[in-house]
Every structure is written in C-alpha cells, then in structure tokens.
Amino acid sequence: MSEQPRAVYTHGHHESVLRSHRRRTAEDSAAYLLPHLKPGLSLLDIGCGPGTVTMDLATRVAPDGSVTAVEPTDGALNLAREEAQRRNATNVSFVTSDVHALDFPDDSFDVVHAHQVLQHVADPVQALREMRRVCLPGGVVAVRDADYAGFVWFPRIPLLDRWLELYEMAARENGGEPDAGRRLLSWARQAGFGDITPTAGMWCYATPETRDWWGGMWADRILQSDLARQLVHTGLANSDELQAISEAWREWAATPDGWLGIPHGEILCRA
C-alpha cells in the first residue's frame with residue numbers, strides 16, 4: 001500500500017498561533033457557507049484547529065444536526081475538544097483522520113468544510129477528491145484559503161516584504177502552497193467537481209485594536225513559533241533578522257494609518 005502524501009503544518013501550535021486561530025468565527029471565516037446551513041444537517045469540519053469556527057457551525061445545524069471535527073493528530077484535536085467543553089457543545093464529535101484518505105464511508109455528510117487547510121496539504125486535489133467522496137449527492141463542499149502573495153499593507157515597510165518572502169519559502173519547503181486562494185477553482189475542477197461557485201473574501205485590519213492584535217501576534221510568532229525555528233534551522237534567516245521583522249510588525253501596528261488586507265479564495269461545490 002503506497003504511503004499517503006503529507007505536508008508539515010508550517011505554523012505549529014504555539015500560543016501566538018492559537019491566538020490568531022481562536023479569534024476566528026463562522027461569520028468572519030465562513031460567511032459564504034452560512035446561507036446554505038440549516039438545522040438537521042450533518043457537517044464535516046476538516047482541520048478544525050482550536051474549534052471556534054467549528055462550534056459556531058454546530059449552532060447553525062443544531063438541534064438535530066451534527067458536526068464531526070477532524071485533525072490529523074489527537075493532540076491537535078484536543079484543542080477543539082476543550083472549546084466544545086467550554087461551550088457545552090453536545091452535537092460535536094471528534095475524529096483523527098488525514099484529509100488525503102478520510103476515514104469515513106462514501107456519502108456520509110451533507111456539508112464538508114475546510115478553512116485554511118488546502119494551503120498546507122501535500123496534494124490539495126486528492127484532498128478535494130476525498131471531500132467530494134464523503135459528501136452526499138447534492139451536498140456542499142466548502143473551502144476557503146488565504147492567498148499570501150495577495151497580502152497588501154500600508155505603509156510598505158521593507159522588512160515586512162522580507163517576512164512574506166520567508167513565509168512563502170518555508171511553506172513551500174514543507175510541501176504546502178501559500179498562494180492557495182487563487183488556485184481553489186482550478187484544484188476543484190481537477191478533483192472532478194462540475195458545479196462550482198467561486199467567490200472571494202477579505203480580512204482587513206486597520207483599527208488601532210486590530211492592528212495591535214495582528215501586529216503583536218506576528219511580532220511574537222516570528223520569534224517563537226515552529227515557523228521561526230524552521231527559518232533558523234534551515235538557514236533561511238537568523239535570529240537577528242527575525243528580531244528585526246518582529247520589531248517591524250510592532251512599528252506597523254503603531255502607525256495610525258496602518259492598513260492590512262488579506263484576500264481569500266472561496267469555493268462552494270455541489271457534490
């Protein structure tokens with residue numbers, strides 16, 4: 001039996017990474033999907049992370065519907081279990097599985113959802129084939145991913161250009177595709193979907209509060225996360241350069257007219 005393709009999760013699970021993920025909601029991360037949800041549906045949430053979006057989705061299909069949350073390791077899945085316990089979410093179950101070979105029968109779910117997942121997997125087309133396989137006929141496969149090369153910010157601080165360059169190199173070294181957003185439609189077509197609705201979304205951080213959050217988060221993340229360790233270990237950067245990038249993020253956050261836009265590709269596919 002051939003080994004399934006794998007990719008390394010570039011960010012890791014340092015507190016600075018989870019600080020970002022735990023801020024996400026269904027409204028800011030899955031708005032394109034929400035009109036298609038209703039009570040009673042079964043939903044598979046692939047790459048659920050710490051579970052804030054997952055639990056929001058669970059409220060949309062309650063009381064009779066259910067959500068199955070998936071991560072490739074039990075350790076990662078424990079983060080979502082903690083969120084479910086905190087919210088007393090009783091219609092959520094948890095399964096460890098690889099998106100390249102999902103451990104579910106054909107035609108198992110009304111909705112299959114993945115947010116910020118395909119940019120990290122080794123074979124996104126195979127992942128989409130699996131998502132299609134486990135989705136009921138007439139059901140919905142919903143995918144949303146950022147597109148790093150499309151990030152736009154002001155003012156143009158050169159060290160932040162270097163941050164983006166380093167992240168893209170590290171992600172590709174790990175087998176991922178950081179500019180996934182623009183590729184979702186192509187990948188879905190290759191996976192055999194015919195009925196595809198492509199859209200786009202944007203995160204924008206331009207208020208003092210959101211700049212402070214994003215800039216502070218990345219100022220910590222570039223020094224302490226798995227990404228930071230990889231950059232130093234592989235020689236792509238040294239600790240002095242990462243410290244300078246950290247300070248550049250804090251400089252951006254403190255700029256009164258600082259602005260950051262993060263584009264996302266979105267697809268809704270009928271199985």
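These figures come from a predicted structure and were not determined experimentally.
For the pair Met169/Glu173, no side-chain contact is recorded, criterion being any heavy-atom separation below 4.5 Å from C-beta on. Contact of the Glu251 side chain with the Ile157 side chain is registered, since non-hydrogen atoms from C-beta on lie closer than 4.5 Å. A 4.5 Å side-chain heavy-atom check between Leu166 and Arg162 finds at least one atom pair inside the cut-off. Between Asp98 and Pro72 there is no side-chain heavy-atom pair separated by less than 4.5 Å. Counting only heavy atoms from C-beta outward, the side chains of Glu71 and Leu79 never approach each other to under 4.5 Å. Counting heavy atoms from C-beta outward, Leu227 and Arg221 have side chains that stay 4.5 Å or more apart. At least one side-chain heavy atom of Leu102 sits less than 4.5 Å from a side-chain heavy atom of Ser97. Between Thr54 and His115, the closest side-chain pair of non-hydrogen atoms is not below 4.5 Å.
In this structure, Glu27 and Ala31 approach most closely via the heavy-atom pair O-CB, 3.4 Å. Shortest non-hydrogen contact noted between Pro155 and Trp252 is CD-CD1, 4.0 Å. When every heavy atom of Cys269 is checked against every heavy atom of Ile267, the shortest pair comes out as SG-CD1, 3.8 Å. Residue Leu231 comes nearest to Ala170 through the heavy atom pair CD2-CB, 4.0 Å, listed as atom of the first residue, atom of the second, then distance. Listed here is the closest heavy atom pair of Ala142 and Met131: O-CE, 4.4 Å. When all heavy atoms are compared, the tightest approach of Ala253 to Gly215 is CB-CA, 4.1 Å.
Residue Phe154 is not grouped with residue Leu164 when hydrophobic side chains (ILVMFWY) are merged at heavy-atom distances under 4.5 angstrom, including chains of intermediate members. Cluster membership for Leu184 and Phe151, using ILVMFWY side-chain heavy atoms within less than 4.5 angstrom, is not shared. The hydrophobic clustering, which links ILVMFWY residues whose side-chain heavy atoms are closer than 4.5 Å, places Val117 and Phe109 together. Residue Val99 is grouped with residue Val95 when hydrophobic side chains (ILVMFWY) are merged at heavy-atom distances under 4.5 angstrom, including chains of intermediate members. Tyr148 and Leu185 end up in different hydrophobic clusters when Ile, Leu, Val, Met, Phe, Trp and Tyr side chains are linked at under 4.5 Å.
Summarising the local packing, CD of Gln85 is surrounded by 12 or fewer heavy atoms from other residues, nucleotides or ligands at distances under 6.0 Å. Around CZ of Arg189, the count of heavy atoms belonging to other residues, nucleotides or ligands within 6.0 Å does not exceed 12.
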In residues 191-203, what donor-acceptor pairs under 3.5 Å come from side-chain atoms, sequence neighbours left out?
residue, atom, partner, partner atom, Å
Thr199, OG1, Glu266, OE1, 2.6
Trp203, NE1, Asp28, O, 2.8

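Results of the salt bridge (Lys or Arg N to Asp or Glu O under 4.0 Å) test with Arg133 over Asp106, Asp107, Asp103 single out Asp106 as the only residue that passes.
Judged by distance alone, with hydrogens and angles left aside, the side-chain atoms of Asp179 form a donor-acceptor pair with the main-chain N or O of Ala149 at under 3.5 Å. Between the side chain of Asn174 and the main chain of Gly176, no donor-acceptor pair closer than 3.5 Å is present. Side chain of Thr52 to main chain of Arg24: a donor-acceptor pair is present (N/O by atom type, distance under 3.5 Å, no hydrogens or angles). Side chain of Ser108 to backbone of Pro105: a donor-acceptor contact under 3.5 angstrom is found. Side chain of Thr210 to backbone of Ala206: a donor-acceptor contact under 3.5 angstrom is found. No donor-acceptor pair under 3.5 Å is formed between the side chain of Asp226 and the backbone N or O of Thr10. With Gln224 contributing its side chain and His14 its backbone, the two residues share no donor-acceptor pair below 3.5 Å.
Ion pairing of Glu209 with Arg23 is present here, as a side-chain N (NZ or NE/NH1/NH2) and a carboxylate O approach within less than 4.0 Å. We find that Glu168 and Arg172 are joined by a salt bridge, their nearest charged nitrogen and carboxylate oxygen being less than 4.0 Å apart. Ion pairing between Asp220 and Arg250 holds under the 4.0 Å rule for side-chain N and carboxylate O. Between Asp123 and Arg129, no side-chain nitrogen of the basic residue sits less than 4.0 Å from a carboxylate oxygen of the acidic one, so the salt-bridge criterion is not met. Using a 4.0 Å cut-off between a side-chain N of Lys or Arg and a carboxylate O of Asp or Glu, Arg211 and Asp257 do not qualify as a salt bridge.
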So Gln116 and His264, side-chain contact (heavy atoms from CB on, under 4.5 Å) or not? Walk me through it. CA-CA 9 Å; Gln116 311 292 15; His264 293 76; 2.9 Å; yes

Apply side-chain contact (heavy atoms from CB on, under 4.5 Å) to residues Phe104 and Thr68 and explain how you reach the verdict. CA-CA 11 Å; Phe104 303 102; Thr68 302; 4.0 Å; yes

Check the pair Lys38 / Asp110 against salt bridge (Lys or Arg N to Asp or Glu O under 4.0 Å), numbers first and verdict last. CA-CA 11 Å; Lys38 62 183 180 181; Asp110 296 300; over 6 Å; no

Using the rule given for side-chain hydrogen bond (donor to acceptor under 3.5 Å, both in side chains), can you reason through Asn91 versus Ser66, listing the C-alpha separation, both sets of side-chain angles and the distance that settles it, and then say yes or no? CA-CA 5 Å; Asn91 64 333; Ser66 63; over 6 Å; no

Please report the C-alpha distance between Trp153 and Tyr205 in whole Å, then the side-chain angles of each, then the deciding distance to 0.1 Å, and finally whether the side-chain contact (heavy atoms from CB on, under 4.5 Å) criterion is met. CA-CA 9 Å; Trp153 60 84; Tyr205 304 123; over 6 Å; no

Does the side-chain contact (heavy atoms from CB on, under 4.5 Å) test come out yes or no for Leu159 and Trp163, once each step is laid out? CA-CA 6 Å; Leu159 279 166; Trp163 162 80; over 6 Å; no

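Distance check: Gln126 CD to Leu118 CG gives 11.5 Å after rounding to the nearest 0.5 Å. Distance check: Thr73 OG1 to His13 NE2 gives 6.5 Å after rounding to the nearest 0.5 Å. Considering CH2 of Trp218 and OH of Tyr167, their distance stands at 6.5 Å, rounded to 0.5 Å. Note that OG1 of Thr207 and CH2 of Trp214 are 13.5 Å apart. Values are rounded to the nearest 0.5 Å. Residue Cys135 holds its SG atom at 12.5 Å from CD of Glu130, rounded to the nearest 0.5 Å. Leu236 CG to Glu165 CD: the interatomic distance, rounded to the nearest 0.5 Å, is 9.0 Å.
Between Tyr9 and His11, the angle of the ring planes goes over 60°, which puts this pair in the perpendicular group of the 30/60° scheme.
Residue Leu268 belongs to a hydrophobic cluster whose other members are Tyr32, Leu33, Leu34, Leu37, Leu41, Leu43, Val53, Met55, Leu57, Val61, Val67, Leu77, Val92, Phe94, Val111, Val140, with links defined by side-chain heavy atoms closer than 4.5 Å.
Residues Gln243 and Ser239 have side chains that never bring a donor and an acceptor to within less than 3.5 angstrom of each other.
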